Amino acid sequence: MADAITPRSEDYARWYVDVIRNAKLADYSPVRGSMIIRPNGYALWENMQRTLDGMFKDTGHENAYFPLFIPQSFLEREAEHVEGFAKECAVVTHSRLEVDEETGHLRPAPDSRLEENLVVRPTSETIIWDAYSKWIQSWRDLPIKINQWANVVRWEMRTRLFLRTMEFLWQEGHTAHATEAEAWEETRLILDLYADFVEEYMALPVIRGIKTPSERFAGAVETLCIEALMQDGKALQAGTSHFLGQNFSKAFGCQFQNRDNELEYAWSTSWGVSTRLVGALVMGHSDDRGLVLPPKLAPTQVVIVPIYRNDADREQVLESAGRMQADLRKRGVRIKLDDREGFRPGWKFTQHEVEGIPLRIAIGPRDVAAGTVELTRRDTSEKETVSATGLSDTIEQKLDEIQKGLFDKAAQFRESMTTRVDSYDEFKEALTDKGGFVHAHWDGTDETEARIKDETKATIRCIPIDPAEEDAESGVDMVTGAPSARRVVFARAY
RNA sequence: CGGGGUGUAGCGCAGCCCGGUUAGCGCAUCUGCUUUGGGAGCAGAGGGUCGCAGGUUCGAAUCCUGCCACCCCGACCA
């Protein structure tokens, strides 16, 4: 069932796809660049969703749902927004199909041409701000803090499972505020929320930073982001939080009367994370044997594999296993008893490892007799025999250890993959030799940034918000020698 | 859009150069028996418009022409 997984060292891209397919997270669909998210992958997404959704609600946000179709003209309203998204939109032009008598195939019926084309949303700022402009009249109508869970479509040239698909699932938050300061506060609040989520639940350390103008969201005044490092030394943007200023409120005529009785355009933010996070999770922790999942997000945290030779053993073992399962379930542990017939224990072990279940309990006649079970950690392969009494406590403790262990390992890896350089030669050397994050001085111009990207394929991932002391000091640009206030973070990225 | 590659059973492939019985192999699937502490063994079975459309030929998976699709690598993007 599980085919061989290409080792990371041999071909990282293939390894990534092999892990996803063997762990049954996703499959290709008949349409290029779009994927089927299978139950294992969707369960992972649901766990992320559930956690994030709770965090949004705890910070005063409400969920709503805006339509999939956007009038084409809406996209024209905000100049930079058009430029950023126009070239990757799916457009609906007809409302009906009919059989072409000549070819016998279906075609859009010519007389069903829409009066105005509809765009399948690549993001929802426009349709949401059109609505907000109707809802907001007074400072008393503010703030509006809405989130939606939705799918969006961007007609990408090159796609990769989870990391970049033409249709993807995400959440997009859209808020409207009475003051600039409040909107900024919101932008920053969400950035920290995202960072906390990725670090605490996904067990991946992130850098919080500001995007350079060239990497900014189309239509934003400022884009904040979190950047994570993958095992092949490439960076991945894991979430963005945009301060939109008054760009969209102006584009959609959304004014309100403020406390000083003046007309003012609303201040806004938007922010999102997507199913790309599932890809980040895979790339961040998994190994050559398959998926490795942090317990806090794993759909199944613990699996029990019963072992027996005959019916008498079977009955005894299953009874014991059933009791453990019930105890752990009561504690809120997501646990599965794999009592499927027709699969041998060894086969189950391997399968559960491929699927990334953090902890395995094996229990056989020997254990029942001795009052023990065998525990095996997915992340370290560490195996130990522990007492069946107090098992629930042991398990909970182990799950915590795994969660922490994964974060520490990823943090250590990032540390070892972070280089601080002062010259362009050192910079190129660091990129070629080991990749990862390279901290260097930059003169702040688009030209230098573009030149470096052109010559090295490395982009400025962000200007860190909380720089290390060594990065906060001033210096000179490694390429042009012009003054630089501080180091910024470069990397080759997904 | 540029470069590379691949389309033959659910998956992975061989066969094609040099046309010729009923298109083959591994894995997976199904049945039976034996097994079960790290991917089981034996026996049997089912499953194919050879990507599509033309053409050449007595005969095409194989040769010719055209088309389509997908994957990988780059530029663009979450």
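No experiment lies behind these values; they were computed from the predicted model shown. Every chain is numbered from 1 and lettered A, B, ... according to where its sequence line falls, protein lines coming before strand lines.
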Rounded distance in Å between the P positions of B:rC17 and B:rC63
5 Å
When A:Arg289 and A:Ser274 are each assigned the nearest nucleotide of RNA chain B, the 5'-most assignment goes to A:Arg289
Checking only heavy atoms, does the side chain of A:Glu353 share a donor-acceptor pair with the base of B:rG38 at less than 3.5 Å?
yes
Got a sec, which residues hit ring-ring contact (aromatic ring centres under 6.0 Å, His included) with A:Phe168, two or more places apart in sequence or on another chain?
A:Trp170
Counterpart base for B:rA43, defined by Watson-Crick or G-U wobble contacts under 3.5 Å
B:rU31
Any-strand Watson-Crick or G-U partner of B:rU21, both distances under 3.5 Å:
none
Strand contacts (RNA chain B) in residues 446-463 of chain A, 4.0 angstrom heavy-atom criterion:
A:Lys453, A:Lys457
Once you apply a heavy-atom cut-off of 4.0 Å, does A:Leu236 come out as touching a base, just sugar-phosphate, or nothing?
nothing
Here's a test of your reading of the structure: between A:Glu156 and A:Arg14, which maps to the more 5' nucleotide of RNA chain B?
A:Arg14
Base of B:rG37 paired with side chain of A:Lys348 (donor-acceptor, under 3.5 Å):
no
Using ring centroids (six-membered ring only for Trp), state whether A:Phe437 and A:Phe490 fall under 6.0 Å.
no
Residue-phosphate contact under 4.0 Å: A:Arg366 side-chain N/O, B:rG37 OP1/OP2:
no
Whole-angstrom distance between B:rC25 and B:rG54, as gauged at atom C1':
32 Å
Within the modelled atom types, does a donor on one side and an acceptor on the other bring the side chain of A:Arg344 and the base of B:rG37 under 3.5 Å apart?
no
Answer yes or no: does a side-chain N or O of A:Arg314 lie under 4.0 Å from OP1 or OP2 of B:rU36?
no
Taking only the side-chain heavy atoms of A:Ala13 (C-beta and beyond), determine which of B:rU36, B:rC72, B:rG39 contains the nearest atom.
B:rC72
Please pick, from B:rG37, B:rC73, B:rG39, the nucleotide with the shortest atom-to-atom distance to any side-chain atom of A:Arg160.
B:rC73
Watson-Crick/G-U partner (both atom distances under 3.5 Å) of B:rA53:
B:rU65
Cationic tip of A:Lys87 above A:Phe85 ring, under 6.0 Å, 45° of axis
no
Strictly by modelled atom types, are A:Thr59 and A:His61 linked by a side-chain donor-acceptor pair under 3.5 Å?
yes
What contact category does A:Ala238 fall into here, base, sugar-phosphate, or nothing, at under 4.0 angstrom with non-hydrogen atoms?
nothing
